[in-house]
Amino acid sequence: MKGKTKNKAKPKRNEKTNKERNRFQRHLKLRKKKLSDVQRYISDLKRNLPPEDDSDKPQEPKVEVVRTKESEKKDLCRSLFVQNIPLAAGEEQLKERFQAFGNVRRILLMNNKVSGSFNGTCFVHYYDPAAVKSALEEGQKNVQELLTVDNKPDSKRKEKKDNQFKDINISNMPFIWWQGWRLIVSETLSREEIKKKKEENLKKKADDINKSRNIYLAKEGVITRNSRAAAGLPERILNDLDERYKLKMKKLRSNTNFFISNTRLCVHNIPPNIDSKELRTLFLRTVKEHIAQHGDPVGHEWDTRPVDKCGRRKGPDQTIKQAKIVGDPNKRDENSTLYGYVEFKHHEHALLALREINNNPTIYGPKKRLYVEFALEDAQKVRLQKLKKERKKDGTKKKKKKKKKK
């Protein structure tokens with residue numbers, strides 16, 4: 001009988017993977033060595049090659065083109081800048097359209113610097129500057145015709161919205177019709193003029209952002225050391241006011257989400273024996289006294305509450321939306337102070353209250369003055385609060401509908 005052959009032990013999975021990994025690493029090392037050898041060989045060849053003799057070759061004379069201001073002006077007068085071109089358009093198609101105003105010398109299609117694809121803009125160069133004037137005149141005529149049609153009450157264009165121009169406001173810019181598309185036409189500007197325009201646009205954007213964030217209200221109610229309002233104040237309070245102002249300005253500069261509310265006031269140095277109701281009555285009383293003497297800066301039309309026979313308004317007063325104190329006054333000592341917020345409906349009333357109550361020694365005494373400023377808020381948090389309120393309203397409406405159905 002034949003002897004029984006013993007089954008060989010199969011290698012484990014870990015051993016197989018280790019062997020394959022080692023083979024792969026060896027292969028990589030060999031490949032790197034070959035590449036390094038080839039690179040060395042090429043570098044040695046380059047070193048041993050003799051230098052090229054350019055003396056035998058005919059050298060072309062270098063022509064330096066010097067452009068003066070007069071030549072630049074002539075070129076600018078003969079060229080048009082065209083925007084809002086469809087990406088599928090070509091040079092020949094555009095040349096046919098602009099040939100109606102004069103002989104076109106060339107058309108330069110502008111490409112994106114990053115992608116290299118067509119940008120939707122081009123320069124049209126003419127031989128005669130009169131062609132540029134005729135193109136601009138036709139563009140202005142088209143704008144006037146479109147505005148007259150839109151102002152008519154029975155016009156169909158007023159009902160329809162142009163989906164082409166959602167991102168750009170080009171209602172008053174001259175344009176030329178081409179295959180049902182508006183090609184925006186304008187004069188070409190020099191590089192200096194373009195830089196100036198860019199700087200002006202950046203300044204306008206910055207001013208608009210600052211106006212929307214109400215940064216001009218940051219200095220309202222600020223007490224500096226050398227001012228009359230700082231007379232009699234201890235150094236501890238002056239240091240606190242300086243630190244608070246610096247921190248506020250730092251937040252406004254570092255993050256654009258922060259803005260200053262024009263209706264919400266932040267009140268510091270509140271005594272611990274004052275509640276939110278007393279705080280509300282204090283601010284409301286000061287505003288009402290000023291209105292009784294000097295009149296309401298907003299007017300009486302905003303208050304829509306019904307009137308009694310005696311001429312008094314019914315219902316709760318709507319000048320202040322909310323008044324609250326942050327923290328628990330029961331957990332504080334007599335010497336400690338609190339801070340809170342008072343939100344008005346109108347900016348004029350908030351500004352009036354700030355100027356009357358801020359650093360006023362007649363309210364709680366010279367040692368317990370209230371320091372008022374416009375509150376700093378985060379736009380993201382304000383949006384989240386609005387969403388929560390809307391969801392709560394929707395939930396209550398759904399519950400009421402279910403109860404009615406039952």
Side-chain angles (χ1 to χ4, degrees), residues 35 38-39 42-43 46 52 54 57 59-129 131-136 138-140 142-143 161-206 208-209 256:
L35 285 168
V38 170
Q39 287 174 357
I42 291 164
S43 62
K46 285 181 179 178
E52 293 181 358
D54 295 331
K57 292 181 182 179
Q59 293 182 357
E60 295 179 357
K62 293 182 180 180
V63 180
E64 293 183 359
V65 179
V66 180
R67 295 190 71 186
T68 60
K69 290 183 178 180
E70 293 179 357
S71 62
E72 284 183 1
K73 285 181 181 179
K74 286 179 181 179
D75 292 337
L76 293 172
C77 291
R78 295 172 186 172
S79 61
L80 267 176
F81 182 60
V82 187
Q83 293 172 288
N84 200 39
I85 302 167
L87 300 176
E91 288 186 17
E92 293 179 358
Q93 294 173 343
L94 293 169
K95 195 171 184 180
E96 286 178 1
R97 178 65 187 91
F98 286 99
Q99 199 79 27
F101 307 107
N103 292 326
V104 178
R105 190 173 67 182
R106 61 171 179 171
I107 289 173
L108 280 173
L109 298 175
M110 303 303 291
N111 297 328
N112 195 351
K113 290 180 181 179
V114 179
S115 62
S117 58
F118 180 48
N119 198 12
T121 59
C122 78
F123 288 96
V124 181
H125 295 275
Y126 287 99
Y127 288 101
D128 190 6
V132 177
K133 290 181 182 179
S134 61
L136 291 169
E138 187 174 344
Q140 288 174 359
N142 290 330
V143 171
K161 292 181 179 179
D162 294 331
N163 294 322
Q164 302 175 10
F165 316 112
K166 284 183 179 179
D167 299 330
I168 307 167
N169 185 14
I170 58 165
S171 58
N172 296 325
M173 295 178 76
F175 65 90
I176 292 166
W177 290 110
W178 179 69
Q179 297 181 0
W181 198 271
R182 295 186 197 177
L183 301 178
I184 305 160
V185 178
S186 60
E187 293 179 352
T188 52
L189 302 172
S190 62
R191 291 181 181 179
E192 294 176 357
E193 290 174 349
I194 290 163
K195 283 182 182 178
K196 285 180 182 179
K197 276 204 167 185
K198 282 182 180 178
E199 288 175 359
E200 288 175 0
N201 291 329
L202 288 170
K203 284 180 182 178
K204 283 181 182 179
K205 284 180 182 178
D208 292 337
I209 289 163
T256 54

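The structure presented is a predicted model; accordingly, all values stated were derived computationally and were not measured.
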Measuring from [X]:[atom1] to [Y]:[atom2], what's the distance to the nearest 0.5 Å?
X	Y	atom1	atom2	result
His125	Arg106	NE2	CZ	4.5 Å
Cys122	Ile107	SG	CD1	6.0 Å
Gln179	Arg97	CD	CZ	10.0 Å
Leu76	Thr188	CG	OG1	4.5 Å
Cys77	Lys133	SG	NZ	8.0 Å
Lys196	Leu189	NZ	CG	11.5 Å

Output yes when a side-chain donor or acceptor of [X] lies under 3.5 Å from a complementary backbone atom of [Y], and no otherwise.
X	Y	answer
Asn84	Ile184	no
Trp181	Ile176	no
Ser79	Val124	no
Asn103	Tyr127	no

Closest heavy-atom contact between Gly102 and Ala131?
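Closest approach of Gly102 to Ala131, heavy atoms only: CA-CB, 3.9 Å.
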Tell me the closest heavy-atom pair linking Phe118 and Leu87, and the distance in Å.
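In this case the closest contact between Phe118 and Leu87 is O-CD2, 3.5 Å.
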Side chain to side chain, Glu187 and Phe81, heavy atoms closer than 4.5 Å
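Not in contact.
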With side chain to side chain contact (heavy atoms under 4.5 Å, CB included) as the criterion, how do Leu109 and Glu91 come out once you've worked through the C-alpha distance, each side chain's angles and the decisive distance to 0.1 Å?
CA-CA 8 Å; Leu109 298 175; Glu91 288 186 17; 3.5 Å; yes
Step by step, work out the side chain to side chain contact (heavy atoms under 4.5 Å, CB included) result for Met173 and Arg182.
CA-CA 10 Å; Met173 295 178 76; Arg182 295 186 197 177; over 6 Å; no
For Phe101 and Phe98, take the angle between the two ring planes, folded into 0 to 90°, and tell me which bin it lands in: parallel under 30, tilted 30 to 60, perpendicular over 60.
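Tilted.
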Relative to Tyr126, does Arg78 satisfy both conditions: NZ or CZ under 6.0 angstrom from the six-membered ring centre, and within 45 degrees of the ring's axis?
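Judged by the rule, Arg78 and Tyr126 form no cation-pi pair.
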Leu80: which of Leu183, Val185, Val104 passes side chain to side chain contact (heavy atoms under 4.5 Å, CB included):
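Going through the options one by one, the only one that passes is Val185.
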Taking NZ, NE, NH1 and NH2 as the nitrogens, is one of them in Glu192 or Lys198 under 4.0 Å from a carboxylate oxygen of the other?
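Salt bridge: no.
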